Undergrad: 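The structure that follows is given in the form of structure tokens.
Letters A, B, ... mirror the listed sequences (proteins, then strands); counts begin at 1. Remember, it's a predicted structure, so these values are computed and weren't measured experimentally.
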Protein chains: 2
Amino acid sequence: MLEAAVERGRQVLPGVTLVRAGEPMAALLVVRSGSAKRYSVTLEGAEQIHGFVLPGEAVGLEGFASGRYTCEVSALEPLSYCRVPMRKLEQLLERLPGLRREMLRQLGQALDEAQRLRGELTQSDARGRVAHFLADLSERLARRGLSPTEFRLSMSRADIARHLGLTLETVSRALSTFKREGWLRVRARDISVLRPEALAALGGGCA
Amino acid sequence: MLEAAVERGRQVLPGVTLVRAGEPMAALLVVRSGSAKRYSVTLEGAEQIHGFVLPGEAVGLEGFASGRYTCEVSALEPLSYCRVPMRKLEQLLERLPGLRREMLRQLGQALDEAQRLRGELTQSDARGRVAHFLADLSERLARRGLSPTEFRLSMSRADIARHLGLTLETVSRALSTFKREGWLRVRARDISVLRPEALAALGGGCA
DNA sequence: CGCAAAATTTGATCCGCGTCAAGTGCCGAT
DNA sequence: ATCGGCACTTGACGCGGATCAAATTTTGCG
């Protein structure tokens with residue numbers, strides 16, 4: 001059923017752009033492995049990073065609004081994904097009530113997360129934001145069966161900073177602080193979380 | 001068709017809570033007139049304001065994620081709304097491909113706006129955020145056929161501040177600055193926008 | 001393996017916004 | 001009409017993070 005509609009996985013190299021802002025939304029993309037960044041480019045040419053796409057997550061859901069993608073998505077590592085053409089998707093939605101609910105669920109979740117993140121970011125200070133970012137990443141990795149305590153950041157400090165509305169220096173300082181406090185081990189882009197609860201306490205003030 | 005499924009409008013007074021976090025999502029609510037604030041309560045009891053609901057907008061779409069609402073929505077003014085029970089909604093989605101697309105479109109748009117807003121807020125300074133807030137409000141009012149230049153804020157400065165991740169003093173100062181520059185006229189909660197383009201320039205750096 | 005370029009860390013200084021503290025004006029109650 | 005309370009405005013000051021600058025590590029490549 002679903003499998004039959006899905007085009008065989010495709011592979012791309014780091015730096016390759018999967019979708020561009022303004023391009024018609026011809027298909028739904030789901031990342032199989034690797035990671036990507038979602039961003040839009042401001043008038044001044046700066047990247048505004050909306051978030052990072054991990055395995056199992058869909059790309060460009062916000063394109064449903066207008067039928068066109070509203071941001072760019074480009075691979076941060078070698079990445080494989082599968083692709084469901086919109087025409088196929090509509091046929092499937094016609095037939096499968098479960099898939100309808102699933103699509104609404106996914107969109108609802110994306111919306112919920114976007115809001116929650118916005119709340120976190122506007123309320124917290126720099127370290128709180130970085131802690132939250134790490135905790136969130138950790139949780140999403142765990143959801144995919146990967147280690148929540150040992151992972152490698154696929155994005156640069158600058159990408160993290162632009163995502164959190166900070167400067168890369170501030171992100172670096174926050175990581176150094178966490179390291180000094182004994183909450184993390186940091187070696188370049190390799191992270192070991194030693195005290196997840198400390199990060200969660202700083203990052204998550206939500207009920 | 002749609003009209004038949006919609007329960008007659010209901011009215012509530014200011015301060016009344018329409019939906020509560022954790023409550024099962026039994027129906028889709030759409031605001032007819034008046035306005036409301038969406039918020040969640042942090043562990044410390046502070047309100048985190050996710051946004052404001054204007055006429056024509058739906059309440060609690062993020063509830064699709066889990067079948068339960070994830071934030072509270074309470075009326076800021078006398079408010080009327082209509083209500084589509086979830087059971088009815090599913091039946092309609094079964095039969096109407098157009099409504100399916102419309103639901104996805106609405107969710108996509110909510111997602112797109114949440115992301116865009118997050119980007120704005122994390123990148124801009126205090127005046128940029130307030131300018132963006134006013135420009136956004138103005139645009140949404142215009143979309144409903146209301147005046148984009150003359151309106152009354154239904155929310156307090158404190159609500160605006162918590163929404164933007166600022167303090168109420170800073171919001172007040174931003175408004176005073178805009179007034180001094182001749183971009184706005186401000187009398188208590190009544191706003192006249194004199195130079196929309198100035199606000200847009202400060203508020204919107206997106207492509 | 002060694003070099004050059006890029007990414008990251010660390011340090012010093014400055015400024016915007018949060019905080020604390022007084023006013024000022026608007027609105028409802030009596 | 002007057003009073004009291006609350007929302008808002010305005011002012012003073014300190015701190016966290018942006019900015020500028022330089023050292024250090026990592027990575028990609030010949």
Undergrad: Side chains of A/His132 and A/Ser124: is there a donor and an acceptor less than 3.5 Å apart?
TA: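 Distance-only check fails for A/His132 and A/Ser124.
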Undergrad: Please give, in whole Å, the distance from C/dT8 P to A/Asp190 CG?
TA: 12 Å
Undergrad: Are side-chain N/O atoms of A/Glu150 and A/Ser192 paired as donor and acceptor at under 3.5 Å?
TA: yes
Undergrad: Anything under 30° is parallel, anything over 60° is perpendicular, the rest tilted; go ahead and classify A/Phe178 against A/Trp183.
TA: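 Parallel.
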Undergrad: Separation of A/Leu76 atom CG from C/dA7 atom P, in whole Å?
TA: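 In whole Å, C/dA7 P lies 13 Å from A/Leu76 CG.
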Undergrad: Please report, rounded to the nearest Å, how far the C1' atom of D/dC8 is from the CG atom of B/Asp159.
TA: 13 Å
Undergrad: Verify whether one side chain among B/Gln115 and A/Arg38 offers a donor that lies under 3.5 Å from an acceptor in the other.
TA: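 The criterion, which ignores hydrogens and geometry beyond distance, is satisfied for A/Arg38 and B/Gln115.
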Undergrad: Can you find a side-chain donor-acceptor pair between B/Ser35 and B/Glu77 that sits under 3.5 Å?
TA: yes
Undergrad: Can you measure A/Arg162 atom CZ to C/dA7 atom P for me and round it to whole angstrom units?
TA: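 Nearest whole value for this atom pair: 10 Å.
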Undergrad: From CZ of A/Arg157 over to P of C/dA6, roughly how many Å is that when rounded to an integer?
TA: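 It works out to 18 Å between those atoms.
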Undergrad: Donor-acceptor pair, A/Gln109 side chain versus B/Ser66 backbone, under 3.5 Å?
TA: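 No: the side chain of A/Gln109 does not pair with the backbone of B/Ser66.
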Undergrad: Rounded to whole Å, please give me the gap between CG in A/Leu153 and P in C/dT9.
TA: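 My rounded result for the distance is 10 Å.
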Undergrad: In whole angstrom, give the distance that lies between atom CD1 of A/Ile191 and atom C1' of C/dT9.
TA: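 One finds 14 Å between C1' of C/dT9 and CD1 of A/Ile191, rounded.
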Undergrad: What does nucleotides 13-30 of chain D look like as a protein-contact string, B for base, S for sugar-phosphate only, - for none, at under 4.0 angstrom between heavy atoms?
TA: ----SSBB-----SS---
Undergrad: Which part of the nucleic acid, if any, lies within reach of A/Ser172 when heavy atoms closer than 4.0 Å are counted: base, sugar-phosphate only, or nothing?
TA: base
Undergrad: Tell me the interatomic distance from B/Leu168, atom CG, to D/dT9, atom P, rounded to whole angstroms.
TA: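 Computing the B/Leu168:CG to D/dT9:P distance gives 9 Å.
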Undergrad: Just call it for A/Ser176: base, sugar-phosphate, or nothing, with non-hydrogen atoms closer than 4.0 Å on any strand.
TA: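 The residue A/Ser176 makes sugar-phosphate contact but no base contact.
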